[in-house]
Every structure is written in C-alpha cells, then in structure tokens.
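Worksheet: one structure, shown below.
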Amino acid sequence: MKRIIITGLRGGVGATTIAANLIQALVQLEESVHAIDTRSENLMSLHFALDFSVKDGWSKRLLSGESWKKAAYISNHNLSFVPYGLLTVDELKTIKQEVSSLSHGLLNVFPSQPEIENEWQLMLLPSVNELDDSHTALLDSADMVLCVINADIQNYTYSQQNASFYCFNQRHHPYFIINGYQPLSENSVDLSLVFKQELAEQCLPMLLHHDTSVPDACSQLSNVVKYAPHSQISKGINELAFWLLAHFAAKTMEGI
C-alpha cells in the first residue's frame, strides 16, 4: 500500500481540494485508491457530495470503539473516502484526548497495511502549524509527505520564520507542490521561482493554477477533475497523478 499524506504549509492553501481531486485523477488512471480526512472541519465530504445531514466518520466510530473502515463511503462518482465526521465540542475534546493517549497517536487508529498491494491511501492532515505529537508516527509511516504551498508573500514569510515548519521539514522531508499559481501575477511568478530554487528537488515540477472551476465544482458537490476536466487546475492535478505513478515505479525498479 502506498500511503500519501497531504498537508498544507498553512490554512487556506488548498490541501483539501488537492487531496479530494487527486483521488479522482488516480482512479481515472485505473488505480485503486481511498482517501481519509483527518481534519475536524470535515470539508473533504463537500467534494464527494456527502449529504450535510450525515454525521458519521472515523472519529465517531473511534468514540464508539469501532474501526475507521466502518465509516467508509462510496461517492456518486464511485470514489472511496472516509470523512472525519461531525462532532460536538465535547466530542472533539474527547477524541483529541483519546488520540493523544495512544502510544503512537493516529498511527494506532490508521496502522500501516503492508499486506494490501496495489492500493493507494491518501490521508489529509491538518496544516503544518496544527500538527502535534499525535501525528508524528503517522507522518513517519508515509511513503510520501506532500505539502501544499501558495506562491505568495505570506507563505514565503511563514516558510522562513516558522519554527514548526522548520522542524516538520527537517524530520519528514516533504515534497512541495505550488497551488493557486497565477501566471498574470508578477508576484506569483517570481515567488514560484524563488520557492523552486530554495526548495530545489523537494519542489515538484508542476504548477497548480488558480482556477474559478474549483468553487464552481464545489457548489455542484463535485470534484473539479470530474466537473471541469479541461480546466487548468484539472490538467495540473492529472499531471501530479502521472508524476506519482512514475515516481513510485522508479522506486520499485531501484528496489529490484
């Protein structure tokens, strides 16, 4: 099983959108894949047309002593995903305490499954500044950590000054992908080049464009890859999916 963990440098960079659409891109390449939302905002469900009245999710199951797998859903586009679930304030406190008390945090909830072959698992984690000790072992278990960034001055300043980002980068050696790219913006172009130079081989070659198709797709309770397949953002996400396939194929060859 290939476990890809997706997080964002900070809130609002588009990590949820990328995670929800990457599963669609991989499925279209005939890959077996499921996505898990570990963010309490529970926003990934918006991309999978899950009814707002559904409160179920892995966190609800954990509180009742059940496996996260029992919270799995199949979307109307035949995509497999596990929502976080809708919790009350008291339930949120309880779940945080329970996960923190586990020896390996969220890894105890979502253990690695090496016995599953040819399966992709995409896990959406909170943004870098929200990560804590309960996420560390899970991040260590990943085959790849993918961190979403925006090419703007806020993201660049954060990457230069934030201690939690420095520790995250040093320990988990993530790949970075630039989202929200605006080719008509001088700042966006310049900062993209700066990020690519400073992050070097950690920065993926593709750029995910700022695209109005994303909110349009969300308003239709769909992912943008399915809703607007010829949009700039969809082309970028498909390119990302191809890159992942090539990356892991190359690693398999190296192992041989």
Side-chain angles (χ1 to χ4, degrees), residues 1-8 11 15-24 26-27 32-143 145-146 172 218 221-223:
M1 185 182 74
K2 292 178 280 290
R3 172 174 282 174
I4 313 297
I5 288 182
I6 300 174
T7 182
T16 301
T17 297
I18 291 171
N21 281 277
L22 183 55
I23 180 176
Q24 178 72 65
L26 287 168
V27 165
S32 179
V33 56
H34 63 273
I36 302 173
D37 187 358
T38 73
R39 290 187 171 187
S40 59
E41 297 94 333
N42 199 47
L43 292 179
M44 188 183 282
S45 59
L46 181 65
H47 298 270
F48 296 109
L50 187 64
D51 193 279
F52 291 149
S53 64
V54 177
K55 297 184 178 181
D56 193 22
W58 69 264
S59 61
K60 287 278 191 183
R61 299 290 181 159
L62 182 62
L63 288 174
S64 61
E66 299 177 271
S67 168
W68 62 269
K69 296 179 182 179
K70 292 190 175 182
Y73 284 82
I74 303 294
S75 77
N76 54 357
H77 296 313
N78 204 32
L79 303 178
S80 303
F81 77 105
V82 181
Y84 181 92
L86 295 177
L87 302 183
T88 66
V89 172
D90 289 338
E91 286 175 330
L92 280 170
K93 291 179 181 178
T94 301
I95 201 74
K96 288 179 180 179
Q97 291 171 354
E98 186 164 338
V99 171
S100 296
S101 70
L102 298 173
S103 58
H104 294 99
L106 278 176
L107 184 59
N108 290 107
V109 182
F110 305 105
S112 299
Q113 297 174 275
E115 71 278 5
I116 299 178
E117 297 182 4
N118 302 319
E119 178 85 15
W120 295 72
Q121 183 181 78
L122 305 182
M123 300 192 73
L124 176 67
L125 263 60
S127 55
V128 170
N129 65 305
E130 297 176 288
L131 298 175
D132 56 33
D133 290 343
S134 69
H135 300 98
T136 302
L138 185 65
L139 284 159
D140 288 341
S141 75
D143 294 288
V145 178
L146 185 60
H172 302 294
C218 285
L221 300 180
S222 179
N223 60 73

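In this structure, P83 and Y73 approach most closely via the heavy-atom pair CD-CD1, 3.8 Å. Scanning both residues, R39 and S127, for their nearest heavy atoms gives NH2-N, 3.5 Å.
By the side chain to side chain contact (heavy atoms under 4.5 Å, CB included) test, E119 pairs with M1, S32, H34, I116, sequence neighbours left out. The salt bridge (charged side-chain N to carboxylate O under 4.0 Å, His left out) search around K60 returns E91, not counting sequence neighbours. D37 meets the side-chain hydrogen bond (donor to acceptor under 3.5 Å, both in side chains) test with no other residue; sequence neighbours excluded. Every residue two or more places apart in sequence or in another chain that forms a salt bridge (charged side-chain N to carboxylate O under 4.0 Å, His left out) with D56 is listed here: R61.
Residue pairs meeting the ring pair (Phe, Tyr, Trp, His ring centres under 6.0 Å) criterion with at least one member in residues 35-54, sequence neighbours excluded: F48-F81. The ring pair (Phe, Tyr, Trp, His ring centres under 6.0 Å) contacts involving residues 115-143 comprise W120-F248, where partners must be two or more places apart or lie in separate chains.
The backbone N or O of G85 sits less than 3.5 Å from a side-chain atom of N42, completing a donor-acceptor pair. S141 places a side-chain N or O within 3.5 Å of a backbone atom of L138 that can act as its donor or acceptor partner.
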- request: Take T88 and D90 through the test side-chain hydrogen bond (donor to acceptor under 3.5 Å, both in side chains) and record every step on the way to the result.
  value: CA-CA 5 Å; T88 66; D90 289 338; 5.4 Å; no

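Side-chain contact between P126 and E41 is absent, with no heavy atoms from C-beta onward closer than 4.5 Å. With contacts defined as side-chain heavy-atom distances shorter than 4.5 Å, the pair E98/L63 qualifies. For the pair V33 and L122, the minimum side-chain heavy-atom distance is below 4.5 Å. Looking at N223 and L79, their side chains come closer than 4.5 Å, going by heavy atoms from C-beta outward. No side-chain heavy atom of T7 sits under 4.5 Å from any side-chain heavy atom of L139. When side chains are defined from C-beta on, T38 does not count as touching V109, because their heavy atoms never get closer than 4.5 Å.
The structure places OG of S80 at 12.5 Å from NZ of K69, a figure rounded to the nearest 0.5 Å. Rounding to the nearest 0.5 Å places CG of L22 at 5.5 Å from CD1 of I6. The CG atom of L26 lies 11.0 Å from the CG atom of N21; values are rounded to the nearest 0.5 Å. The CG atom of L124 lies 4.5 Å from the CE atom of M44; values are rounded to the nearest 0.5 Å.
Counted within 6.0 Å of CG on D51, heavy atoms from surrounding residues, nucleotides or ligands total more than 12; the atom is thus considered enclosed.
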